[in-house]
Number of protein chains: 2
Amino acid sequence: MPRGDGKGPPWWKGKFRGCGHRFTIPRQAIIETLDKTSAHLSAEDIYLAVHKRYPNIGLTTVYRTLEVLAQMRLIFKFDFGDGRSRYELAHSDSKKEHHHHLVCTNCNRIIDYTDFINKEIELLNKTEKALSKKFNFKISNHLIQFYGLCEKCSKLTARQ
Amino acid sequence: MPRGDGKGPPWWKGKFRGCGHRFTIPRQAIIETLDKTSAHLSAEDIYLAVHKRYPNIGLTTVYRTLEVLAQMRLIFKFDFGDGRSRYELAHSDSKKEHHHHLVCTNCNRIIDYTDFINKEIELLNKTEKALSKKFNFKISNHLIQFYGLCEKCSKLTARQ
DNA sequence: CTTGATAATGATAATCATTATCAATAAGGA
DNA sequence: TCCTTATTGATAATGATTATCATTATCAAG
Ligand SMILES: [Mn+2]
Ligand SMILES: [Mn+2]
Ligand SMILES: [Zn+2]
Ligand SMILES: [Zn+2]
């Protein structure tokens, strides 16, 4: 499993070519940005990050690339309720594991959690199988989020 | 439990007053619209429905009322990925039960399901409790959605 | 290593859902 | 009934995302 070992093409180049897409500087830069962080970046966040090294890459290209990446299933697109979409590498063979999210409805902090993921996944698989059969629905993905107040915000709220 | 039995104020009037809000025709009309359907209406859908009986109620009022209703937890607000928010009565004491959603990523059909809800809820409760403790996070709500292709769309896709 | 077809880009304008303004109206306690 | 003020609605503004279109760059073929 080839990873960024300093030389040679990055592992995702093959992915691109395999899907009939060209591999370009902007796409490379955008994936690298997502790969370097564990945050949940918006299109503009990515644009600004990429802009530091490549000031001529446009926001439009960021949006278009994100769409391609999502359709290739290399990234996930989330709506956490703050009015803009946020993106996260689906990581394939990187260090990140599949996880779900806690979303603070006050400050919009996002917490990744992997605890209990195994039991969740187990139940999800059963549920997916049964739902697929019952509704003739081909499930390809799921979304689980918990909403509430993060530690900081619940303290603030209590203080009022 | 007072319901729409033809006379007397509807059950939600008290809810409104109890939260310090006035009870108005637009708010009444908007809740009634949501109560009459099992669909997942957008703000504009609601505006158009309400507009038939009350042509002078504006879209702005619909948005504002939906915000109040959501904050009162009388409705849920969803993002199914079609670029507009969709709303659903939280049902309190009506016929609808708590349910989760299947979302067709091709035609945007939404399927409510209640199957396995019990096992899901059971696991969710455990998970919520453990996550609350671990992250000091006050969980007040959860979101579960499965994405994929509905029966019709998977047939169409296969045919291509 | 060129070349050429065309996928990809980027500057710009357009879209469209949602919000902000603000004067006019109406709910409901006194 | 009266008065305070929450609510409304017409309108403009906002802001994220998408469409256009001329220009550029990728990469398969020669
Ligand atoms: Mn995450
Ligand atoms: Mn539903
Ligand atoms: Zn918070
Ligand atoms: Zn479908």
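Just so we're on the same page: letters track the sequence lines, and every chain starts at 1. None of the values given here were measured: they were computed from a predicted structure.
When the side-chain nitrogen and oxygen atoms of B:R17 are compared with OP1 and OP2 of C:dG28, one or more of them lie within a distance under 4.0 Å. The phosphate of C:dA8 (OP1 or OP2) has no side-chain N or O of A:T65 nearer than 4.0 angstrom. Within the structure, a side-chain polar atom (N or O) of A:R27 is placed less than 4.0 Å from OP1 or OP2 of C:dA8. Between A:Y63 and D:dT17 there is a side-chain polar atom (N or O) within less than 4.0 angstrom of OP1 or OP2. For A:T61 and C:dA8, the shortest distance from a side-chain N or O to OP1 or OP2 is not below 4.0 Å. Under 4.0 angstrom from either OP1 or OP2 of C:dG10 there lies no side-chain N or O belonging to A:T60.
When the C1' atom of C:dT9 is taken as reference, atom NE2 of A:H21 falls 14 Å away, rounded to whole Å. Counting to the nearest Å, the P atom of C:dT25 and the CD1 atom of B:I57 are 17 Å from each other. Regarding A:I46, its CD1 atom lies at a distance of 14 Å from the C1' atom of D:dA16, rounded to whole Å. Across the protein-nucleic acid pair, A:L59 atom CG and D:dA16 atom P stand 9 Å apart, rounded to whole Å. Counting to the nearest Å, the C1' atom of C:dT18 and the CZ atom of B:R86 are 15 Å from each other. Rounded to a whole Å, the CZ atom of B:F23 is 23 Å from the P atom of D:dT5. Going from atom CD of B:Q28 over to atom C1' of D:dT7 covers 16 Å, rounded to whole Å. Going from atom CD of A:E67 over to atom P of C:dA8 covers 12 Å, rounded to whole Å.
Contact annotation: side chain of B:R84 to base of C:dA17, donor-acceptor pair absent below 3.5 Å. For C:dG10, the base has a donor-acceptor partner in the side chain of A:R64 [N/O atoms by modelled type, under 3.5 angstrom].
No contact: A:S42 has no heavy atom under 4.0 Å from any strand.
The aromatic ring centres of B:H142 and B:H100 sit less than 6.0 Å apart. Here B:F80 and B:H40 bring their ring centres to under 6.0 angstrom of each other. Ring centroid separation for the pair A:H101 and A:Y113 does not come in under the 6.0 Å cut-off.
Each of B:I25 and B:Y87 lies near DNA chain C, and the nucleotide nearest B:Y87 is the one positioned closer to the 5' end.
Residues B:F76 and A:V103 are members of one and the same hydrophobic cluster, defined by side-chain heavy-atom contacts under 4.5 angstrom among Ile, Leu, Val, Met, Phe, Trp and Tyr.
Taking every side-chain heavy atom of A:R22 into account, C:dT6 is the closest of C:dA27, C:dT6, C:dG10.
The pair B:D45-B:R86 counts as a salt bridge, with a side-chain nitrogen and a carboxylate oxygen less than 4.0 angstrom apart.
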